[in-house]
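For reference, the structure is listed below as structure tokens.
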Protein chains: 2
Amino acid sequence: MSLATDAADKPTLYKRIRADIERRILTGEWPPGHRIPFEHELVARYGCSRMTVNKALSELAQADLIERRRRAGSFVRRPQHQSAVLKIADIRAEITALGRTYGYELIGRKLRAATAADRERLGVKKAGKVVAISCRHSADNVPFAVEDRLIDLASVPSAATADFSREPPGSWLLHHVPWTEAEHTISAIVADDRTAETLDIAIGAPCLVIDRYTWRSARTITAVRLLYPGDSHRLVARFKGG
Amino acid sequence: MSLATDAADKPTLYKRIRADIERRILTGEWPPGHRIPFEHELVARYGCSRMTVNKALSELAQADLIERRRRAGSFVRRPQHQSAVLKIADIRAEITALGRTYGYELIGRKLRAATAADRERLGVKKAGKVVAISCRHSADNVPFAVEDRLIDLASVPSAATADFSREPPGSWLLHHVPWTEAEHTISAIVADDRTAETLDIAIGAPCLVIDRYTWRSARTITAVRLLYPGDSHRLVARFKGG
DNA sequence: TTGACTTATATGTCTAGACATATAATCGTA
DNA sequence: TACGATTATATGTCTAGACATATAAGTCAA
């Protein structure tokens, strides 16, 4: 026989405390601004030490569900900054995840001294060299996106000799320059004649534009503009809380 | 005189430990997959108790920077799901934050039994009543976005009598239905004649589309479609880490 | 070689205290 | 009444232990 008492497989105490409080907040039983019981009250209620309830409350605070104020207590935070997690996958991963065949084609690659426009786009001041890459991604041989990218060689010297005719620069960078920060700007344009031809859509058709500017520890790495046919591509962002 | 030794205002010990490790990860000194020193090693290095280093490591694990495995140790996580935080503010807040004057205009409001199309859009099966709202937001008297919304009255009965002629439904919902989950879909279209007229742009001009579907504890609340002139609006998403 | 069993070990959780510190509340004074 | 000093208190951090538990690694037999 097993040694199990009827305690069964209940989670650890601090997790139970955390879940209890979280449930009350999420159901609205404790609305924003509500003061959560003091630690010493929870200690009494759950019959445990203060460190245990402290751990539960600290995690809730780290998750921005509550706010802790010395001497005052802990309070349910009000619906904060409305934000969402936007998944922006590597294009190749995105396409293969859909079960479609990924295709890649290098349109152009140029190594040059940074022009004024390049420097502005990358947000760097000093003169230096850059690699400019233009390429196209396709799914099942249908154009999926065109990419227009600039890489700062001062930050990523090895990009000068990388072979981008086989591997897309995005994937290459992902493997060579981890841990970056980025800013995305999403907008819409209509296809000009060149874009229309590359994406095989009509001139004037809507396109979704993602401009991504990537850096690492205040060091510019790359700036990229991705153009997707607007009616065939969807960016999905899921958002929880607040 | 003050009692301060030259220790000055250094942060607490566990925060220093956490920052030390975080720095090594972010600079690449400890690449993905690298094994972080064992807790007992960090205890020796920092001369503190295990609970203190445990707190530092737990927070790093909660932030998804490291992965902890029993008996094996703690490891730097590799660049995970490429995701970004996308700020999607309440439109009124967004406009006033820009220092512009917010304007709102109710175009139409209808209370009706849910049609088949309504039910599909809201993802509900049972018949019920809905409120359909169409309205326009403007900044400095220039059209900023058109909104087309459906509210499920089964979830938000008070929406039946709310006065949406003064307050935008988004703001009203934000104050009456906190803590929701949502899914956003972003795409691009070109303006049809009606949209063009409402937004005061040319027919065929690009528009950014945000479809937002909101629920709470598996209960549908509202589905909304926002149309922005594509060349004047920008969605900015910032992304940090891996 | 493979599978089953044992063992060592790093993390996971918890305790019963301690002192530090920010600050809400109170009290005293101008 | 308004302002400054004092006090009470809830959280913040930390310790030196303890036992639990998952699991990598080693052991041994089929």
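Proteins get letters first, then strands, A, B, ... in listed order; numbering begins at 1 in each. When reading the values below, keep in mind they use all heavy atoms of this one structure, side chains included, and skip hydrogens, waters and symmetry mates.
Considering only side-chain N and O atoms, B:Lys55 lies nowhere under 4.0 angstrom from the phosphate OP1 or OP2 of D:dC14. Between B:Ser74 and C:dT11 there is a side-chain N or O to OP1 or OP2 distance below 4.0 Å. Between C:dT13 and A:Lys15, a contact under 4.0 Å exists linking OP1 or OP2 to a side-chain N or O. Considering only side-chain N and O atoms, A:Arg68 lies under 4.0 angstrom from the phosphate OP1 or OP2 of D:dG12. One finds no side-chain N or O of A:Thr52 lying less than 4.0 angstrom from the OP1 or OP2 phosphate oxygen of C:dT13.
Computed from coordinates, the A:Ile66 CD1 to D:dA10 C1' distance equals 13 Å when rounded to whole Å. Summarising the geometry, the separation between CZ on A:Arg50 and P on D:dG12 is reported as 8 Å, rounded to the nearest angstrom. Between A:Arg18 atom CZ and C:dT13 atom P the separation is 9 Å, expressed in whole Å. C:dT15 atom C1' lies 10 Å from atom CE of B:Met51, rounded to whole Å. The interatomic distance linking B:Phe38 (CZ) with D:dT23 (P) rounds to 16 Å, in whole Å. In this structure, the OH atom of B:Tyr14 is 15 Å from the C1' atom of C:dA20, given to the nearest Å. Separating the CG atom of A:Asn54 from the P atom of C:dA16 is a distance of 16 Å, rounded to the nearest angstrom. As rounded to whole Å, 19 Å separates atom C1' of C:dT15 from atom NE2 of A:His40.
Side chain B:Arg71 to base C:dA10: no donor-acceptor pair is found below 3.5 Å.
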Legend entry - Candidate pair B:Arg45 and B:Val53, rule side chain to side chain contact (heavy atoms under 4.5 Å, CB included), full reasoning: CA-CA 10 Å; B:Arg45 176 183 310 184; B:Val53 307; over 6 Å; no
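Comparing A:Gly47 and A:Ala72 against DNA chain C, the residue whose closest nucleotide sits nearer the 5' end is A:Gly47.
As judged by a 4.0 angstrom heavy-atom cut-off over every strand, B:Leu57 is placed among residues making no nucleic acid contact.
B:His137 and B:Tyr104 have tilted rings, their planes meeting at an angle from 30° to 60° on a 0 to 90° scale. Under the 30°/60° scheme for interplanar angles, the aromatic rings of A:Trp30 and A:His34 are found to lie parallel.
When distances are taken from the side chain of A:Thr12 to each of D:dT13, C:dT13, C:dT15, the shortest belongs to C:dT13. Of the candidates C:dT11, D:dT15, D:dC14, C:dT11 carries the atom nearest the B:Arg70 side chain, counting heavy atoms from C-beta on.
The backbone N or O of B:Phe38 lies less than 3.5 Å from a partner atom in the side chain of B:Glu41, making a donor-acceptor pair.
With B:Phe75 as the aromatic partner, B:Arg69 meets the cation-pi criteria of under 6.0 angstrom to the ring centre and within 45 degrees of the ring axis.
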